[in-house]
Amino acid sequence: MSDKKIIKKSWAEPFKIKVVEPIKMTTKKEREKAAKEAGYNTFLLKSEDVYIDLLTDSGTNAMSDYQWAGMMLGDEAYAGSRNFYHLESKVAEYYGMPYFVPTHQGRAAEHIISQILIKQGDYVPGNMYFTTTRLHQELAGATFVDVIIDEAHVPEIEHPFKGNIDLKKLDKLVKEVGASKIAYISMAGPVNMAGGQPFSMKNLQEVFEFAKKHKIRLWMDATRAVENAYFIKLREKGYSKKTIREILFEMMGYFEGIWVSAKKDLMVNIGGILATKDKYVFEEARNMVVVYEGLHTYGGLAGRDMEAMARGIEEMVDFDTIHARIGQVEYFGQKLEEYGIPIVKPIGGHAVFLDAKKFLPHIPQDNFPAQTLATEIYINSGVRSMERGIVSAGRDPKTGNHHYPKLELVRLTLPRRVYTQAHIDVAVESIAEVFENRDSIKGLRMVYEPKYLRFFQARFEKLK
Ligand SMILES: *Cc1c(COP(=O)(O)O)cnc(C)c1O
């Protein structure tokens with residue numbers, strides 16, 4: 001008998017693998033060629049040339065057998081599909097929003113809600129910008145104002161709720177421009193661009209009271225609301241015994257409406273939600289969806305897609321499912337830390353974010369340190385990540401100058417239910433090797449820049 005003491009602290013996924021998809025292994029030489037052809041932009045790589053794809057968790061999730069079975073029950077009627085009514089009932093049951101419009105993905109819902117609620121010259125305060133969200137707010141004529149707490153901009157500060165809104169900043173804006181100029185407060189959680197950081201229920205309650213007092217609408221980008229609910233359960237006093245479903249429902253109680261990219265929490269490959277308690281906003285949205293998406297009972301989706309979403313809603317609030325998802329992200333982050341690799345703390349919900357400013361301190365922001373790091377990691381091992389720094393931040397629409405974000409990050413995002421611990425170990429070792437050789441890495445120069453959301457299509461050349 002071994003005298004090794006048994007400590008039961010490991011957990012494993014609450015599912016097993018039924019279908020597998022082979023992935024291609026490439027050589028370093030092949031990857032160097034592929035990276036060059038892609039203009040050193042990981043968004044422009046062919047998926048075929050990627051070994052472990054941590055570009056995004058958006059639409060890259062593995063659906064369950066329950067969801068796949070639902071796909072066979074798609075009612076592809078042009079009008080009044082039964083899957084629409086099923087999905088509508090789940091949105092009401094779990095998000096507490098009685099009025100619902102499906103959209104083909106999250107940004108379509110952002111487009112519609114921005115056009116409805118924003119007048120030219122309005123302001124939209126939010127807890128840090130998100131790329132597509134801010135763009136649609138600006139296209140509708142608003143100025144986005146970041147009112148997140150200062151801690152969110154400092155990668156090494158450990159704060160349990162770095163996604164919180166700073167009420168003093170919000171109050172200052174309202175005093176400056178007047179409440180009537182605020183189209184709505186745009187709250188998201190966990191905050192993607194801050195490193196997947198949640199807001200607390202207490203902060204939400206305070207924002208709600210503030211909004212009520214000033215008669216300002218309060219809307220949420222609820223794309224990862226379940227992940228935010230998980231962090232509230234773990235970190236906030238009074239919530240440890242509540243279920244994820246209860247916390248989600250309580251959270252939703254404070255919002256007038258939500259938009260959701262179903263490609264995240266709902267574990268599907270495509271889909272979006274616009275849902276509200278306001279009948280007037282709903283009627284406008286239902287009318288607009290016909291112009292831009294499709295009839296209001298399919299919104300650019302197939303019936304089968306809506307069925308997968310409805311079933312995804314049921315699965316997303318399961319504690320073991322969300323625990324395994326966030327637990328895998330945590331495992332990834334902890335392993336990187338063991339190598340002394342600088343990451344955003346605390347480790348976020350959907351991704352680990354490398355602090356590229358610390359990783360490559362010799363590369364100035366004008367030479368795109370995070371873009372460079374994402375490229376080097378791909379070339380090293382075929383692991384694909386994405387830039388979340390100056391390229392993603394884009395330009396100020398008024399001055400045309402780069403936005404210079406404080407954070408220069410590389411995001412390594414885990415799709416839900418897709419990769420194993422062994423994949424994570426391989427990714428960690430590859431990043432550690434790049435870290436070891438970091439002094440020899442040079443920056444990039446942008447040679448092509450599209451007008452909107454440039455990070456998707458910009459092209460670069462290596463500095464000599
Ligand atoms: C992905 C995402 C969106 C946009 O949704 P799409 O489905 O990609 O159009 C909006 N907000 C957040 C927080 C997201 O992560």
Side-chain angles (χ1 to χ4, degrees), residues 43 54-61 95 101-115 124 126-140 144 146 148 152 162-163 165 184-199 219-231 251 255 257-275 289 292-294 299-301 305-306 308-309 312-313 316 325-326 329 348-351 353 385-388 392-394 407 409 411-416 452-453 455-457:
F43 281 101
L54 308 183
L55 182 73
T56 174
D57 60 338
S58 181
T60 53
N61 312 294
Y95 290 101
V101 175
T103 61
H104 82 279
Q105 57 184 84
R107 73 197 67 185
E110 290 174 339
H111 166 226
I112 290 170
I113 198 58
S114 302
Q115 293 294 332
V124 178
N127 51 347
M128 205 174 266
Y129 83 98
F130 183 72
T131 52
T132 57
T133 315
R134 184 180 65 189
L135 177 62
H136 283 295
Q137 290 160 351
E138 287 174 350
L139 289 173
F144 174 82
D146 185 4
I148 202 165
K162 271 176 143 175
I165 282 183
Y184 56 95
I185 298 167
S186 177
M187 205 159 171
V191 180
N192 199 334
M193 305 303 276
Q197 305 295 332
F199 60 74
W219 278 69
M220 181 178 178
D221 180 337
T223 295
R224 293 189 182 80
V226 171
E227 290 174 12
N228 204 97
Y230 175 82
F231 284 121
M251 192 194 292
F255 293 100
I258 53 170
W259 64 90
V260 179
S261 168
K263 300 168 75 174
K264 323 287 176 40
D265 271 353
L266 279 69
M267 296 179 284
V268 292
N269 303 119
I270 196 75
I273 290 171
L274 183 58
V289 85
Y292 293 101
E293 295 287 290
L301 296 166
D305 298 326
M306 291 189 285
M309 283 167 68
I313 289 177
M316 73 184 182
R325 190 262 185 304
I326 296 180
V329 176
H350 64 301
F353 292 74
S385 58
M386 78 155 81
E387 194 260 13
R388 279 296 183 227
S392 295
L407 300 178
L409 308 177
R411 194 182 86 178
L412 297 139
T413 326
L414 291 179
R416 296 163 190 78
Y452 298 119
L453 302 175
F455 58 96
F456 283 132
Q457 289 152 344

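In each ligand, atom 1 is the first atom listed, and ligand 1 is the first ligand listed.
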of all protein heavy atoms, closest to atom 1 (C) of ligand 1 is Lys264 NZ, 1.6 Å
Tell me which protein heavy atom sits closest to atom 10 (C) of ligand 1, plus the residue, atom name and distance to 0.1 Å. Glu110 OE2, 3.1 Å
For atom 7 (O) of ligand 1, what's the nearest protein heavy atom and its distance? Ser261 OG, 2.6 Å
Is Arg416 reaching over with its side chain to a backbone N or O of Lys264, donor-acceptor style, under 3.5 angstrom? yes
Using only heavy-atom distances, determine whether the side chains of Asp305 and His104 contain a donor-acceptor pair under 3.5 Å. no
Within-cut-off N or O pair, Trp259 and ligand 1, under 3.5 Å: no
If you define the side chain from C-beta out and look only at heavy atoms, does anything of Ile112 sit under 4.5 Å from Glu293? yes
Do Tyr184 and Gln137 get their side chains close enough for a donor-acceptor pair, meaning under 3.5 Å? yes
Tell me if a side-chain donor or acceptor on Ser392 pairs with a main-chain N or O of Glu387 at a distance below 3.5 Å. yes
Suppose I only count heavy atoms of Lys263 and a 4.0 Å limit; which atoms of ligand 1 are within that range? 7 (O)
Classify the side-chain pair Asn192/Arg388 by whether it contains a donor and acceptor separated by less than 3.5 Å. no
Can you check which of Thr56, Asp221, Asp57 brings a heavy atom nearest to atom 13 (C) of ligand 1? Asp221
Please work out, at 4.0 Å between heavy atoms, whether the side chain, the backbone, both, or neither of Arg107 comes within that distance of ligand 1. both
For ligand 1, which atoms have a heavy atom of Gly106 less than 4.0 angstrom away? 5 (O), 6 (P), 7 (O), 9 (O)
List ligand 1 atoms under 4.0 Å from Asn192, heavy atoms only on the residue side. 15 (O)
Just need the protein heavy atom nearest to atom 4 (C) of ligand 1, so name the residue and atom and give the distance. Thr132 OG1, 3.6 Å
Within a reach of under 6.0 Å around CZ of Phe456, are more than 12 heavy atoms found that belong to other residues, nucleotides or ligands? yes
Which of parallel (below 30°), tilted (30 to 60°) and perpendicular (above 60°) describes His136 and His111? tilted
Do me a favour and list the nearest non-hydrogen protein atom to atom 3 (C) of ligand 1 with residue, atom name and distance? Phe130 CE2, 3.5 Å
